[in-house]
> 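One structure follows; several queries about it will come next.
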Amino acid sequence: MRNRLSVALVTSVLVSLSFATVPGGAADGKAESFWPQWRGPLMTGVAPTAAPPVEWSETKNVRWKVAIPG
């Protein structure tokens, strides 16, 4: 019984540590590519270093297209 409790405790600690240490966060200047919590690195829902496009056309700021039937 004691052995099962120890295994369960070690497993839960390892699982929680694996979620806590995620590579590439605000510490290495990649805040725009990874948000470690809900609503972003500043908890405002805004990426501090983002530069989203403000115009689109058939060729400008389009990464990919797919035909939609109908």
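The chain is numbered in sequence order, starting from 1.
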> With sequence neighbours excluded, tell me which residues meet side chain to side chain contact (heavy atoms under 4.5 Å, CB included) with Pro53.
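Side chain to side chain contact (heavy atoms under 4.5 Å, CB included) check on Pro53 returns Trp56, Asn61.
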
> Run the side-chain donor-acceptor check on residues 62-70: report pairs under 3.5 Å with partners two or more places apart or on a different chain.
residue	atom	partner	partner atom	Å
Lys65	NZ	Glu58	OE1	2.9

> Taking side chain to side chain contact (heavy atoms under 4.5 Å, CB included) as the test, write out the residues that go with Thr59, two or more places apart.
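With neighbours one apart ignored, the set is Ser57.
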
